[in-house]
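Here's the structure we're looking at; comments come further down.
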Amino acid sequence: MTEGKKSDLTGDYLKLARIALSGRIQDVQLMLHRTAKRYRDSDGVLADSLTTLLHESPTPASPLRKQAEIPLPVDLDSRLHLLRVETEPAIDHEPIFAPEVAAAFDQIVAERRNAASLSRASLQPTRSALFVGPPGVGKTMAARWLARELKRPLLILDLAAVMSSLLGRTGGNLRHVLDYAKSINCVLLLDELDAIAKRRDDQGEIGELKRLVTVLIQQIDDWPPSGILLGATNHPSLLDPAIWRRFETHIAFPLPDSAAIAQFLAETLAPIFPHTAAWTGPLAVAFAGKSFSDIERELTAARRYAAINDAPLDDRLAILAGSQVTDKAGRIAVAAALVDQGLVSQRKARELTGVARDTIRSRTVPKRKMRRHSD
Ligand SMILES: Nc1ncnc2c1ncn2[C@@H]1O[C@H](COP(=O)(O)OP(=O)(O)OP(=O)(O)O)[C@@H](O)[C@H]1O
Ligand SMILES: [Mg+2]
């Protein structure tokens with residue numbers, strides 16, 4: 001064996017020992033797979049033996065079983081569990097992703113499902129992604145969705161909660177949690193990543209925060225390719241650039257556009273409300289610029305009111321639509337949409353939105369013309 005090959009083998013051996021000692025069985029398998037490939041020409045016997053071993057080795061324990069065996073890390077100060085564990089992540093309705101967000105997730109899922117093809121090309125699947133966007137647009141929901149698609153448990157570490165535990169212990173807490181997450185095959189979401197940065201203005205804590213950022217950076221660097229590390233933030237500009245850079249991909253979640261709002265309304269209301277089709281258009285106009293969770297909250301409040309007062313949901317939705325927009329152009333658009341759909345009279349639309357009837361009349365499509373359009 002030449003000196004070069006020998007030192008290659010020594011290097012690989014040490015790397016393998018390191019991974020094996022950390023207990024990341026899937027990474028060991030990945031590494032052996034690669035080694036077999038690399039030595040196929042120079043040492044066929046070694047390559048064949050490794051391939052046979054890999055075929056014979058038992059599949060790693062189910063992530064759920066393994067996870068149940070390892071106790072959750074607990075912050076000794078608060079005795080609160082630092083991690084929220086969802087062994088079988090469930091969502092009560094499917095997320096509506098903007099096209100570019102959907103494309104990013106399709107890619108992540110496809111990479112995981114085609115790990116062998118990637119490995120043949122000496123590539124690894126994406127292991128970290130940062131979700132950026134305003135509140136209530138589906139960042140946490142997307143993490144849950146991804147874990148469900150990949151049939152893995154979801155671990156959520158709320159950094160705002162970690163930060164509120166005694167700061168002096170936070171670095172240790174964080175390391176503890178990430179070590180635990182690394183040991184199981186999971187999706188880990190670091191939620192509210194900007195919580196670390198938000199404390200930076202407090203002079204007394206600067207040193208501790210620097211240590212915390214260092215821990216986080218080390219842990220992200222050390223994250224195994226078999227796991228999926230996600231981060232979420234509402235304030236990307238507050239994030240430490242070194243942390244930002246470490247996420248392999250950044251996914252921007254926009255506020256829903258009118259088509260996404262209409263789809264969300266249709267999916268939410270259709271099962272419980274027969275007049276859904278007529279309402280989606282006007283409500284989509286009324287909710288322009290709102291997040292999914294704001295819309296969901298308003299709809300639930302309207303439904304509750306209608307239910308306890310035994311009142312028609314239509315009346316509540318009309319009030320809701322009328323009260324959402326404050327700018328003049330928005331109010332005119334809502335009034336016109338309500339009248340166009342035949343949901344309220346021009347007089348009622350004026351009452352709800354404060355827009356003069358003449359203005360409403362000039363913006364609505366005369367019924368006869370509408371019929372001709374649909375002929
Ligand atoms: N893209 C979406 N499609 C369908 N429903 C959504 C979507 N985004 C949010 N929702 C609804 O709003 C709720 C809250 O969303 P989620 O917790 O994912 O928001 P977030 O982006 O993580 O917000 P925050 O930044 O406040 O944590 C969800 O449980 C879901 O019911
Ligand atoms: Mg969230």
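Each ligand, and each atom within it, is numbered from 1 in the order the structure gives. Just so it is clear, the values below take in all heavy atoms, side chains as well, and ignore hydrogens, waters and symmetry mates.
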(message) Is E192 close enough to touch ligand 1? Criterion: a residue heavy atom under 4.0 Å from a ligand atom.
(response) no
(request) Decide whether the shortest distance between a heavy atom of G136 and an atom of ligand 1 is less than 4.0 Å. (result) yes
Any Lys/Arg nitrogen of [X] or [Y] sitting under 4.0 Å from an Asp/Glu carboxylate oxygen of the other?
X	Y	value
K182	D222	yes
E94	R148	yes
K15	D12	no

With only distance considered, is [X] within less than 3.5 Å of ligand 1 through an N or O on each side?
X	answer
G133	no
N234	yes
K139	yes
E94	no
F97	no
G138	yes

Who's the nearest protein heavy-atom neighbour of [atom], and how far?
atom	value
atom 10 (N) of ligand 1	F292 CB, 3.4 Å
atom 27 (O) of ligand 1	T140 OG1, 3.9 Å
atom 14 (C) of ligand 1	S293 CB, 3.8 Å
atom 18 (O) of ligand 1	M141 N, 2.9 Å
atom 1 (N) of ligand 1	I96 O, 2.8 Å
atom 5 (N) of ligand 1	H93 NE2, 3.2 Å

(message) Once you restrict to heavy atoms under 4.0 Å, what part of F131 touches ligand 1? Side chain, backbone, both or neither.
(response) neither
(message) Under 4.0 Å, heavy-atom basis, I'd like to know which part of E296 is in contact with ligand 1: side chain, backbone, both or neither.
(response) side chain
(request) Decide side chain to side chain contact (heavy atoms under 4.5 Å, CB included) for F105 and I251; before the verdict, give the C-alpha distance in whole Å, the side-chain angles of both, and the deciding distance to 0.1 Å. (result) CA-CA 9 Å; F105 280 112; I251 304 179; 4.2 Å; yes
(request) Below 4.0 angstrom from a heavy atom of P135, which ligand 1 atoms are there? Numbered from 1 as shown, please. (result) 23 (O), 24 (P), 25 (O), 26 (O)
(message) Please list, in number order, the atoms of ligand 1 under 4.0 Å from a heavy atom of P95.
(response) 3 (N), 4 (C)
(message) Between E111 and T126, do the side chains contain a donor N or O and an acceptor N or O under 3.5 Å apart?
(response) yes
(request) In sequence, state the C-alpha distance, the side-chain angles, and the governing distance for R297 and D294, and then conclude on side chain to side chain contact (heavy atoms under 4.5 Å, CB included). (result) CA-CA 5 Å; R297 199 182 45 245; D294 284 346; 3.0 Å; yes
(message) Testing the basics here: between A147 and P89, what is the closest heavy-atom pair and its distance to 0.1 Å?
(response) CB-CG, 3.5 Å
(message) Looking at every heavy atom in both A335 and T353, which two are closest together, and how far apart are they?
(response) CB-OG1, 3.5 Å
(request) Please round to the nearest 0.5 Å and tell me the distance separating atom CZ of R246 and atom CG of L239. (result) 12.5 Å
(request) Name the orientation class of the two ring planes belonging to H250 and W244 (parallel below 30°, tilted from 30 to 60°, perpendicular beyond 60°). (result) parallel
(message) Would you say CZ of R304 has more than 12 non-hydrogen atoms from neighbouring residues, nucleotides or ligands within 6.0 angstrom?
(response) no
(message) Taking NZ in K290 as the centre, count heavy atoms belonging to other residues, nucleotides or ligands within less than 6.0 Å. Is the count above 12?
(response) yes
(request) Return yes when at least one N/O/S atom of M141 is nearer than 2.8 Å to the Mg ion (ligand 2), and no when none is. (result) no
